[in-house]
Trainee: 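If you scroll down you'll find the structure; I have some questions about it.
This chain uses plain numbering: 1 for the first residue, then up along the sequence.
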Amino acid sequence: HSRGPRARGHGGRLPQQHADGGRLEVSGGALPCHLRPVGLVLRVDRDCRAGGAGDAFAVSAMDKAIYIYQGLLRLEQDWGMSKTHPVYARPGHFTICPTVIQAGPTPWAIPEQAKLYYTAWYAPQEDEEDVKREITGYISLLCATDSWLREHPPHVDWMICWPPYNVDPDAPICQAVKCAYPQATG
């Protein structure tokens, strides 16, 4: 859980100072995950993408990955304006950042599997479980609008959590870092 002793600034996670001298007694959290949409290939010797039997014949996991990517991009754009914190004055700091897209298993057939890797960077005052629910809930809404994904939603694996912290700038640990920074950097 992201609100343990480390979040109170007892030194378990030291506040940092930016190289430009700016303060950083606050840090957003990070939630890396990957999504695994699946496709369907019944006849790899005669793949067809449009018309005919449609989803009963072949479904590209890459197409479904791109569909989810485009939807999460819209959610990220919303976050850019709605997720705020006083220390992070510039909009767009909190993101749902796509990092890797993979599909396959081969380059010559309709992909029957895909993986999308993301890192969700969220505001210090937010709870990890609430952020997970928001993202997975949005993915569920996306899937409800697609005939294949409605019946075959992607599996979401949350890998780890880098919990946020929000330490009082007057806390002893912050004052120690503030004093030590000029000495350490000359």
Side-chain angles (χ1 to χ4, degrees), residues 1-37 61-62 64-103 113-143 149 153-174 176-178 180-181 184-185:
H1 191 282
S2 62
R3 300 291 187 257
R6 295 176 293 181
R8 292 194 296 269
H10 294 191
R13 295 246 316 265
L14 292 177
Q16 304 169 27
Q17 189 108 14
H18 283 293
D20 65 2
R23 68 176 215 241
L24 186 59
E25 63 271 353
V26 173
S27 175
L31 282 169
C33 70
H34 59 83
L35 295 84
R36 293 180 294 173
M62 176 61 94
K64 300 309 172 183
I66 291 169
Y67 184 82
I68 294 166
Y69 164 83
Q70 290 171 331
L72 286 175
L73 182 60
R74 289 190 298 275
L75 180 59
E76 180 188 39
Q77 289 166 344
D78 182 58
W79 274 29
M81 300 310 292
S82 65
K83 305 286 185 182
T84 61
H85 187 277
V87 172
Y88 299 99
R90 189 183 64 208
H93 186 83
F94 305 111
T95 65
I96 305 168
C97 181
T99 57
V100 177
I101 297 178
Q102 298 173 325
Q113 57 190 348
K115 274 191 182 181
L116 294 94
Y117 290 83
Y118 281 88
T119 298
W121 296 95
Y122 63 99
Q125 72 275 11
E126 291 190 90
D127 180 73
E128 160 192 349
E129 295 303 318
D130 291 341
V131 173
K132 288 178 182 179
R133 273 190 294 277
E134 181 179 2
I135 293 170
T136 54
Y138 195 84
I139 292 168
S140 293
L141 290 174
L142 286 171
C143 291
L149 290 172
H155 182 74
V156 180
D157 289 318
W158 296 99
M159 297 156 65
I160 61 167
C161 175
W162 176 264
Y165 60 87
N166 196 358
V167 182
D168 180 347
D170 295 324
I173 189 74
C174 290
V177 170
K178 184 177 180 180
Y181 182 79
T185 60

Trainee: Distance check, rounded to the nearest 0.5 Å: Cys33 atom SG versus His155 atom NE2?
Mentor: 10.5 Å

Trainee: Measure the OG-CZ distance between Ser140 and Arg133 for me, rounded to the nearest 0.5 Å.
Mentor: 13.0 Å

Trainee: Tyr88 versus Val26: any side-chain heavy-atom pair under 4.5 Å?
Mentor: yes

Trainee: If you look at every heavy atom in Phe94 and Trp79, which pair is closest and at what distance?
Mentor: O-CB, 3.7 Å

Trainee: Mind listing the closest non-hydrogen atom pair of Pro91 and Gly80 along with its distance?
Mentor: CB-O, 3.5 Å

Trainee: Holding to ring-ring contact (aromatic ring centres under 6.0 Å, His included), I want the full list of residues that pass it with Tyr138, two or more places apart in sequence or in another chain.
Mentor: none

Trainee: Hey, what do you get for CG (Leu31) to CH2 (Trp121), rounding to the nearest 0.5 Å?
Mentor: 10.0 Å

Trainee: Could you list the residues that satisfy salt bridge (charged side-chain N to carboxylate O under 4.0 Å, His left out) with Asp157, not counting sequence neighbours?
Mentor: Arg36

Trainee: Check Trp162 against Gly28 and note the closest heavy-atom contact, atom names and distance.
Mentor: CD1-O, 4.0 Å

Trainee: Quick check: do Val156 and Tyr118 have side-chain heavy atoms less than 4.5 Å from each other?
Mentor: no

Trainee: Measuring from atom OH of Tyr122 to atom CD of Glu134, what distance do you get when rounded to the nearest 0.5 angstrom?
Mentor: 12.5 Å

Trainee: Rounded to the nearest 0.5 Å, how far does CD1 of Ile139 lie from CG of Leu149?
Mentor: 10.5 Å

Trainee: Could you tell me if the side chain of His93 sits less than 4.5 Å from the side chain of His85, heavy atoms only?
Mentor: no

Trainee: Mind checking salt bridge (charged side-chain N to carboxylate O under 4.0 Å, His left out) for Asp170 and listing every partner two or more places apart, or none if nothing turns up?
Mentor: none

Trainee: Could you state the interatomic distance from CG (Leu35) to NZ (Lys115), rounded to the nearest 0.5 Å?
Mentor: 11.0 Å

Trainee: Should Thr95 and Lys83 count as side-chain neighbours, where that means a heavy-atom distance under 4.5 Å?
Mentor: no

Trainee: List the atom pairs, donor and acceptor, that lie under 3.5 Å between side-chain atoms in residues 67-77 and the rest of the protein, sequence neighbours left out.
Mentor:
{"unit_1": "Tyr67", "atom_1": "OH", "unit_2": "Thr145", "atom_2": "OG1", "d": "2.4"}
{"unit_1": "Glu76", "atom_1": "OE2", "unit_2": "Ile96", "atom_2": "N", "d": "3.4"}

Trainee: Can you find a pair of side-chain heavy atoms, one from Thr136 and one from Trp158, that are under 4.5 Å apart?
Mentor: yes

Trainee: So which heavy atom on Ile160 is nearest to which on Pro32, and how close?
Mentor: O-CD, 3.3 Å

Trainee: Restricting to non-hydrogen atoms, name the atom on Gly29 and the atom on Pro164 that form the minimum distance, rounded to 0.1 Å.
Mentor: N-CB, 3.4 Å

Trainee: Among residues at least two apart in sequence or on other chains, which ones pass ring-ring contact (aromatic ring centres under 6.0 Å, His included) with Tyr117?
Mentor: His34

Trainee: Do you know the tightest heavy-atom contact between Ala114 and Met62?
Mentor: CB-N, 4.3 Å

Trainee: Backbone N or O of Thr84 within a donor-acceptor pair of the Gln125 side chain at under 3.5 Å?
Mentor: yes

Trainee: Please list, chain by chain and in numerical order, all residues satisfying salt bridge (charged side-chain N to carboxylate O under 4.0 Å, His left out) with Lys132, sequence neighbours excluded.
Mentor: Glu128, Glu129

Trainee: Any non-hydrogen side-chain atom of Asp168 less than 4.5 Å from a side-chain atom of Cys174?
Mentor: no

